[in-house]
Amino acid sequence: MKEYIGVDGYQALAKVLHKMTPDEVIDEIINSGLRGRGGGGFSAGKKWKICKNIKAEKHYVICNGDEGDPGAFMDRSIMEGDPHGVLEGMMIAAYAVGAKEGYIYVRDEYPLAVTHLEKAILDCERSGLLGENILGTDFSFSIKIARGAGAFVCGESSALMKSVAGEVGEPRATYIRSVVKGLYDEPTVLNNVETLVNVPTIIRKGADWYKSIGTKKSTGTKVFSLVGKVRNTGLIEVPMGITLREIIYDIGGGILDDRPFKAVQTGGPSGGCIPESMLDLPVDFDSLTEVGSMMGSGGMIVMDDTTCIVDVAKYFLEFLVEESCGKCTPCREGLYQLHKLLEKICSGKGEMSDIEKMERLSENVMIGSLCGLGKSGPNPLMSTLKYFKDEYIAHIKDKKCPAGVCPELITYKILDNCTGCMACIPACGYDAIEGKKKEVHVITQDKCTKCGACYAVCNFDSILVS
Amino acid sequence: MIHITINGKVVQAKDGEMLLTVIRREQIDVPTLCHHEAVEPSGACRLCMVEITKPEWDGWCDYVTSCLYPAADGLIVNTHAPKVNELRSSILDMYLARHPKSPEIRQLAAEYGVLKTQFEEIVDGNNCILCGICTRICDTMGFHAISMVGRGHGKEVAPPLNMAPDACVGCLSCAKNCPTNYIEYNVSNGNLSIWKKDFKMAACKECGKTTITKEFAEYLSKNRDINIDYFENVTNVTEKN
Ligand SMILES: Cc1cc2nc3c(=O)[nH]c(=O)nc-3n(C[C@H](O)[C@H](O)[C@H](O)COP(=O)(O)O)c2cc1C
Ligand code: SF4
Ligand code: FES
C-alpha cells in the first residue's frame, strides 16, 4: 500500500471525493472515451450514468475478474500486481453511481490474486479508505471478494451476478439489462478489471490526456496476451490502433523459425481468425468486430503454416461445447453439431454440403442463443470459413490437410535421401518402420498412427508429411 | 392499455405483459417447449422467438423470445418472419437429432417441415429435452427436490447426488407436466415410486381407490390448513393433482 501511495495512489479518490460531484466524475470518464475491456467495448462512463440515474434502494459495483479465456492472464497480473489500482477504480465507480457495496469476482484458479486483494482491502479498511465516511466525507463503501465457480460462462454478466448471489452461475434470460436490474435485482455496474484500473489514472491525468493515446473511438491502451508461434510471447500493453503487423513483427519479433505467417486469432475462444491480408488492420474495438473477430479480453494467438485452420476451429468449438451451460437449445445442441461437423471434415468424411450446413446452423445459433457464449460461439468457425475456405475444401474434396495436421488426412513417407541411419526405427512406438543400415527405410502405412515421432528424430529431412 | 401490431393487426395489450401471452390470446400459433403457465419463463427452448421492430428503428429488427419480452406501445411483431421460421425449423432439427425417438418432438418437428434430421443423430440419448419445466414447478411448489445438474450437452435433471430426494413428497407435478413424458413413475398396490423413492398412497374411505401420497396429503393439510380426511375422498382429489 505504501508503494501504491508512493506512485500517487488514492490521489484520484481524494480528488473525486473532495473536488468532484458524481456527475462530474461520470462526465470525465465519458469524455475520456474509456470502453469496457471485458469484451463488449461499451462506454464505461455511459454505463455508470445509466446506473446512477436509476432510483433504487441500493446500487452495486462489481469487478469482473473471472478471466475465463484459456491462456489469458492479463487480469490476473493486474489483480496480483496492482490490487490497489483495482480497488481505487471501484471506489471511484461506487462514488459516481452511489453504491455502498462492491464485489470483486475472482476466478477460482487465482489464489494469489485473492490473497493480494484481501490484503489490499484490509489495508484500506485499516486506514479508512474503505468503510464508513471515507476520507472524512459522507461516502461509505465496502468491498467483498466472491470466488468464481470455475466455469467460462460465469464471466457472462447475468451468470456472474447469480453466482455472486450464491445461485448456480447460469445466464438469465431477460431483456432488462443488469445496469438496471442486476445483483439482487438492483442496478449494478459490472466492469472488467482492466477497465477499472484505468479509472484512477484518467481522473488524475485528465480525460484529454487519456484521449491522446489510442484512436478516436478506442482510446487508451490495451493489454494483450501474445502467444503462439511468435519469437517473443507474453503480456504486452499497446496503444489502441496499433496494427497487427506491428504487434506480431515489431513487438513479437516475427514468426518462430521465420516460417510464413498464417493467421492470428484474437478475442478468446469465441473470437475469430484474421488472415495475412489484414495484418495492417488497426487493433481497436470496431475494426476487429468488422472483420468477424473481436477484441474480447485480449487474447492473441499467432499461427504459422503448420497450423491447420480447420483443426483450430474444431479446437475452439470443442472448448465452447464443454463450457456451454446447456440451458438454451441452440447453444447446447447447435455448437455440439457444429463441432461434430468439424470432426467429420477433419477425419476426411466431410461433404461439400457440410459447408452450407455449418453456415446456416451458425447463423441460427447466433440469432437464437440466450447469452453471449452461444451468440458468438460460431465465430471461430465463421471467420475461418470466410478467410480460409480453400483449406476446408482441401479437407473435403481432396481429402488432404495442407498443414499436415489432421491425422486421417496425412501420410508419412520416407524419401530416397534416407541415409539408413536407423534412428527412426526405435523412435516409432508402433513398429511401423522397417529398414537395414544404410538402406532406405520404409513405413508400413497400416501400422502408422501419424504420431510424428519419426519426423522429430530424422536429421536428414527424409520424412515427408503430405 | 397499449397497442402493438402483431402480423399486421393492431391489438390491445397490457403494458409489460409478455408478448407470448398477447400472441396466444390472439390465437396465433407459436410453438413452445419450455413455457408453462404456472412457472416463471426461462427462455431455454428459444422456439417462441419472434421478429420485432419499431418505426423509429429505421428498418432494423431484433429477434427476441416472446415468452420473456414485455409488450411496449408501438411494437411491431412478426411471429412468422422468414428468419424466425428458419430458426424454428433449425432448432427443431437440433431437437430431432438429440431425441429421435420422442413422439412429441417428431410431431412438432414435422409441423415445421423437419421429417428427418440433417445432423448426426444421438442414438443412445433419452427423451428429456431439458426444458426445465419439472425443476421450475418443483421449485415453485417449494420442494426443490430435483434440479438441473451438469452443464452443456451432459446436463440432466436429477435429485441431489442422484439419490432418492428427501424433499420429494411424490406430488407428481414434475411427471405430469413433462412435455415428453420422460419422467417415470409407477403406481401399484397403493404405492407410488418416483425418483427412486417409494411412497404410500392415501385411499378413499368410500371406495378404496388411491388418491395422493400420504406425504403430499400431510404437506397440503399442514400448509393449506385442510383436514387430512379431505384427501381420503376420491371425489375431492381429481387427476389434476
Ligand atoms: C461467455 C462470456 C464470458 C465472459 N467472460 C468474461 C470474463 O472472463 N471477464 C470479463 O471481464 N468479462 C467477461 N465477459 C463480458 C462480461 O459479460 C461483461 O460484458 C464485462 O465484464 C463488462 O465489463 P466491461 O464493460 O468493463 O468490459 C464474458 C461474456 C460472455 C458472454
Ligand atoms: S448461450 Fe449457451 S451458455 Fe448462454 S445460456 Fe445458452 S446454453 Fe447457456
Ligand atoms: S417458450 Fe421456450 S424460450 Fe420462450
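Throughout, a chain's letter reflects where its sequence line sits, starting with A, and its residues are numbered from 1. All values below were derived from every heavy atom in this structure, side-chain atoms included, with hydrogens, water molecules and symmetry-related copies excluded.
Counting heavy-atom pairs closer than 4.5 Å to chain A, the top residue among B:P70, B:G152, B:A97, B:G43 is B:G152. Taking chain B as the reference chain and counting heavy-atom pairs below 4.5 Å, the highest number among A:C331, A:P330, A:G334, A:A151 is found for A:P330.
A distance of 4.5 Å separates CZ of B:F119 from CG of A:L361, quoted to the nearest 0.5 Å.
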Are there donor-acceptor pairs under 3.5 Å across chain A and chain B? List atom names and distances.
| unit_1 | atom_1 | unit_2 | atom_2 | d |
| --- | --- | --- | --- | --- |
| A:E170 | OE2 | B:K155 | NZ | 2.5 |
| A:Y175 | OH | B:T65 | N | 2.9 |
| A:Y175 | OH | B:T65 | OG1 | 3.3 |
| A:E322 | O | B:R151 | NE | 3.0 |
| A:E323 | OE1 | B:R151 | NH2 | 3.4 |
| A:E323 | OE2 | B:R151 | NH2 | 3.3 |
| A:S324 | O | B:G152 | N | 2.8 |
| A:C325 | O | B:G152 | N | 3.1 |
| A:C325 | O | B:K155 | NZ | 2.8 |
| A:T329 | N | B:A44 | O | 3.0 |
| A:T329 | OG1 | B:A44 | O | 3.4 |
| A:T329 | OG1 | B:Y95 | OH | 2.7 |
| A:E333 | OE1 | B:H153 | NE2 | 3.0 |
| A:E333 | OE2 | B:R98 | NH1 | 2.6 |
| A:Q337 | OE1 | B:E120 | N | 3.3 |
| A:Q337 | NE2 | B:E120 | O | 3.2 |
| A:K357 | NZ | B:Q118 | O | 2.9 |
| A:R360 | NE | B:E86 | OE2 | 3.4 |
| A:R360 | NH2 | B:E86 | OE1 | 3.1 |
| A:N364 | ND2 | B:E86 | OE2 | 2.8 |
| A:N364 | ND2 | B:S90 | OG | 3.2 |
| A:G368 | O | B:R46 | NE | 2.7 |
| A:S369 | O | B:R46 | NH2 | 3.4 |

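Contact detail for A:V365 and B:M94: the closest heavy-atom pair is CG2-CE, 4.4 Å.
Only the side chain of B:I122 comes within contact range of chain A, with at least one heavy atom under 4.5 Å from a heavy atom of that chain.
Under a cut-off of 6.0 angstrom, the local environment of CD in A:E109 is crowded, with over 12 non-hydrogen atoms contributed by other residues, nucleotides or ligands.
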